[in-house]
Amino acid sequence: MKRVLAGAVVLAAAACASPLTPARVEASFAPTFGALYALQQSQQGRAVDPSALLPRASCRRAGVDSSGPGEDWTCTVVYVDTRTSFTQAFELQVKPDGCWRAEAPPVAQPAVRTDPLTGMTRTNPLAEFDGCLDTSWR
Amino acid sequence: MASLASVEAVTARGLRKQYGEQVALDGVDLTVRRGTVHGLLGPNGAGKTTLLRVLLGLVRPDAGSVEVAGTVGGFVETPGAYPYLTGRQNLAHLAALDDEPGDVEEVLQRVGLADRADTRVRGWSLGMRQRLGIAAGLIRRPDVLVLDEPANGLDPVGALALRSLVHELAHDGLTVLLCSHDLHEVDALADDVTVLVAGRVVWGGTTTELRGRPGASLLSTSDDALAQRLAGELDVQPHQSGSLLVRATTAELDGYVLELARRGVAVRELVREGLPLEQAFLELAT
Amino acid sequence: MRTLPWELRKLVAQSRVRAAFVVCLLAPAAVALVLSVQSGLPKDTLFGRHVLTSGFALPLVLLSFCALWVFPLLAGLVAGEVFAGEDAHGTWPALLTRGRTRGEVFTGKLVAACLVPVALLATAALSSLAAGVALAGREPLVSLSGSTLGPGRAAVLVLLSWATAVPPLLGFCALAVLLSVVSRSTVVGVAGPALLGLVMQLLSLLGSLGTSSNALLTTPFLAWRGLVREDAYYGPLWQGALVSLGWAVACLVPARLVLLRRDVS
């Protein structure tokens with residue numbers, strides 16, 4: 001009887017467990033960052049290959065739960081550009097449906113960039129961006 | 001297809017239907033002869049509506065069987081229609097679902113709606129909806145037409161037109177099952193009658209037979225005491241009005257009056273209490 | 001299936017169905033108009049920040065909105081009335097005494113109740129795409145994986161994304177049919193799916209169900225997010241289709257049984 005109960009509890013816990021784990025968030029965030037970084041650089045006239053950046057992200061929650069939706073996620077991404085390693089930190093709001101929104105501190109990533117040559121203003125793709133991860137049953 | 005050899009248009013045996021505690025039909029047998037107008041009589045709650053619903057296939061009986069030779073059409077209680085469509089559209093829409101529908105115009109003509117059928121049913125009176133219900137039944141070109149209080153909501157002219165329509169239909173060979181509270185109507189139209197009380201058939205036979213049942217009459221004579229003694233086997237009782245109450249069939253009554261005259265008792269007043277059919281019905285229904 | 005054209009004609013004759021088509025046709029244009037004059041952007045919705053930079057963003061924003069508020073309501077509006085409406089007008093006896101079996105009548109109504117909402121969805125999809133392109137042009141779209149999608153590919157993905165909403169929409173139609181048949185009330189049939197949709201959305205939002213929320217009928221509406229990106233993932237799409245099918249069967253089997261056995265009065 002105890003075993004059945006224990007089994008039921010485990011099942012219930014598994015069923016209600018959140019698929020929004022740090023590993024999954026990292027796997028979703030890093031390539032998105034890489035692609036958008038390449039976009040940002042191409043807007044400034046530099047051609048960058050996103051796969052050469054080798055972005056690696058480390059995402060953590062500030063609160064008690066390590067997984068699950070929340071506004072307290074932080075992702076730090078490390079990438080390589082012209083043989084130099086760079087780090088950038090983003091604040092993430094992860095929603096229950098598996099989609100997240102990343103915001104960079106305005107000092108690191110200003111919202112709008114003005115092209116010094118043409119004077120055109122353009123939204124910085126890395127200031128605020130969205131992404132989604134797969135929350136289906138595995 | 002209906003077999004030409006069969007005489008019965010509808011045969012129902014042992015129909016039973018219960019709604020919770022309430023028994024609507026308690027072993028009902030019904031036979032409707034082909035080409036006749038069959039009247040279904042009974043007080044409210046007798047189970048007439050349930051019986052009609054079973055015949056139309058709207059209600060599944062708990063027990064018993066129903067056989068209908070051919071297609072059955074018609075309506076029970078107030079016929080429904082789509083208020084956002086016109087009368088013509090309603091009929092055309094229903095006809096599109098039938099296997100071999102009749103002609104919409106012809107049917108509208110027959111029920112007297114041809115010139116008013118292009119307005120939305122939303123604004124129609126009860127009488128017009130009733131006619132549309134009949135039309136919806138007729139458009140099926142049924143072998144058996146089931147009509148539940150068809151004259152309900154019709155003015156006297158309309159009711160008369162309906163009566164002649166039913167006559168026509170019966171003439172054309174259609175079998176009509178008519179459920180009505182109006183005994184005059186049943187008396188005028190029906191060939192056969194089934195009387196239903198509390199879910200049971202209490203009487204079934206032809207209208208002639210029903211009329212032939214003993215009726216009540218009030219009799220005033222020159223010598224009531226002698227008249228009573230001469231009654232013999234006839235049921236003659238003193239009535240509170242001072243006259244005598246005679247319960248007898250028409251034939252018996254004729255014989256009694258002649259006998260009284262022979263014995264020197266003069267008949268001063270003879271009043272038949274209501275229609276024979278009404279009398280018979282009231283007797284059976286109580 | 002003789003009852004199907006009849007049911008469709010009856011549906012299209014009703015003013016609320018026609019009104020729904022007009023709304024699906026014009027509302028996206030109205031939204032585009034509002035966005036073109038006001039200064040804010042719907043940043044809370046995916047692709048909201050891009051509505052003025054790429055014409056393919058607006059249809060996806062509207063898709064998210066419709067999934068939340070509109071699709072269950074559309075299902076209820078059409079499918080929720082198709083059965084209960086006969087009860088409201090008292091027309092079951094007329095309909096069931098036509099020589100068509102109850103099974104035929106059920107199937108005809110069901111198919112009509114599913115075709116019309118799908119047609120409404122298609123109208124909204126095409127109208128949204130047109131409104132988006134009119135608003136911001138056929139510019140490349142930044143996908144959910146950060147990559148840039150060319151206009152041709154973006155257009156295809158937008159239409160496919162709208163198409164992925166069809167299975168859960170049909171699931172909601174089945175739910176509306178069940179509510180409509182069992183309650184015999186047009187109010188329950190029309191409002192029920194919308195309310196249940198909101199309840200499911202709420203449960204998903206609270207996040208308390210975890211992965212179990214994949215079994216809700218509103219979750220398949222999110223499957224399109226796996227498409228509009230590089231390295232597309234289709235897990236939510238297949239699972240969503242199965243979940244929708246499961247809900248549909250669970251709703252339609254009892255609904256059909258109830259109708260076939262019902263005493264009509």
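Naming convention: chains lettered A, B, ... in sequence-line order (proteins, then strands); numbering from 1 in each chain. Fair warning: this is a prediction, and the values are worked out from it, not measured in the lab.
Partners of A:Ser51 according to the side chain to side chain donor-acceptor pair (under 3.5 Å) rule, which considers only residues two or more places apart in sequence or in another chain, are A:Asp49. Residues meeting the salt bridge (Lys or Arg N to Asp or Glu O under 4.0 Å) test with A:Asp72, sequence neighbours left out: A:Arg61.
Open room surrounds CZ on C:Arg138; 12 or fewer heavy atoms of other groups in view lie less than 6.0 Å from it. Open room surrounds CZ on A:Arg56; 12 or fewer heavy atoms of other groups in view lie less than 6.0 Å from it. Within 6.0 Å of CD in C:Gln239 there are more than 12 heavy atoms belonging to other residues, nucleotides or ligands. Counting heavy atoms of neighbouring residues, nucleotides and ligands inside a 6.0 Å radius, atom CD of A:Glu71 does not exceed 12 of them. Other residues, nucleotides and ligands contribute more than 12 heavy atoms inside 6.0 Å of the CZ atom of C:Phe21.
Residue A:Pro96 comes nearest to C:Leu205 through the heavy atom pair CG-O, 3.0 Å, listed as atom of the first residue, atom of the second, then distance. Closest approach of A:Lys95 to C:Asp44, counting heavy atoms only: NZ-O, 3.7 Å. Smallest separation of non-hydrogen atoms from C:Ser145 and A:Ala35: O-CB, 3.4 Å.
The part of A:Cys99 that comes within reach of chain C is its side chain, from C-beta onward, which places non-hydrogen atoms under 4.5 angstrom from that chain. Interface remark: C:Ser204 contributes backbone atoms only to the contact with chain A (heavy atom separation under 4.5 Å). If you measure heavy-atom distances from A:Glu128 to chain C, the contacts under 4.5 Å come from both the backbone and the side chain. Contacts of A:Leu20 with chain C are absent, with no heavy-atom separation under 4.5 Å from either backbone or side chain. When heavy atoms are compared at a cutoff of 4.5 Å, C:Ala215 approaches chain A by way of both its backbone and its side chain. In this structure, chain C has a heavy atom under 4.5 Å from the backbone of A:Pro31, while its side chain stays farther away.
Between A:Trp100 atom CH2 and C:Leu46 atom CG the span is 10.0 Å, to the nearest 0.5 Å. Put simply, OG1 on C:Thr53 and CZ on A:Arg122 are 10.5 Å apart, with the number rounded to the nearest 0.5 Å. Separation of atoms OG (A:Ser28) and CG (C:Asp231) is listed at 11.0 Å; rounding is to 0.5 Å. For the atom pair CH2 of C:Trp238 and OG of A:Ser136, the computed distance is 12.5 Å after rounding to the nearest 0.5 Å. Taken from CD in C:Glu230 to OG1 in A:Thr32, the straight-line distance is 10.5 Å, to the nearest 0.5 Å.
A donor-acceptor pair under 3.5 Å is absent between the side-chain atoms of A:Asp134 and the main chain of C:Gly226, judged by distance alone. Put simply, the side chain of C:Arg229 gets close to the backbone of A:Cys132: a donor and an acceptor are under 3.5 Å apart. Looking only at distances, no side-chain donor or acceptor of A:Trp137 sits under 3.5 Å from a matching main-chain atom of C:Asn214.
Here the side chains of C:Thr148 and A:Leu39 are in contact, with some heavy-atom distance below 4.5 Å. Annotation: side chain of C:Val142 is not in contact with side chain of A:Pro125 (no heavy-atom distance under 4.5 Å).
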- Task: Check step by step if side-chain contact (heavy atoms from CB on, under 4.5 Å) holds for C:Arg225 and A:Asp97.
- Result: CA-CA 10 Å; C:Arg225 283 108 179 250; A:Asp97 59 7; 3.1 Å; yes
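At a threshold of 4.0 Å, the pair C:Lys43-A:Asp130 does not count as salt-bridged, since none of the basic side-chain nitrogens sits closer than that to a carboxylate oxygen.
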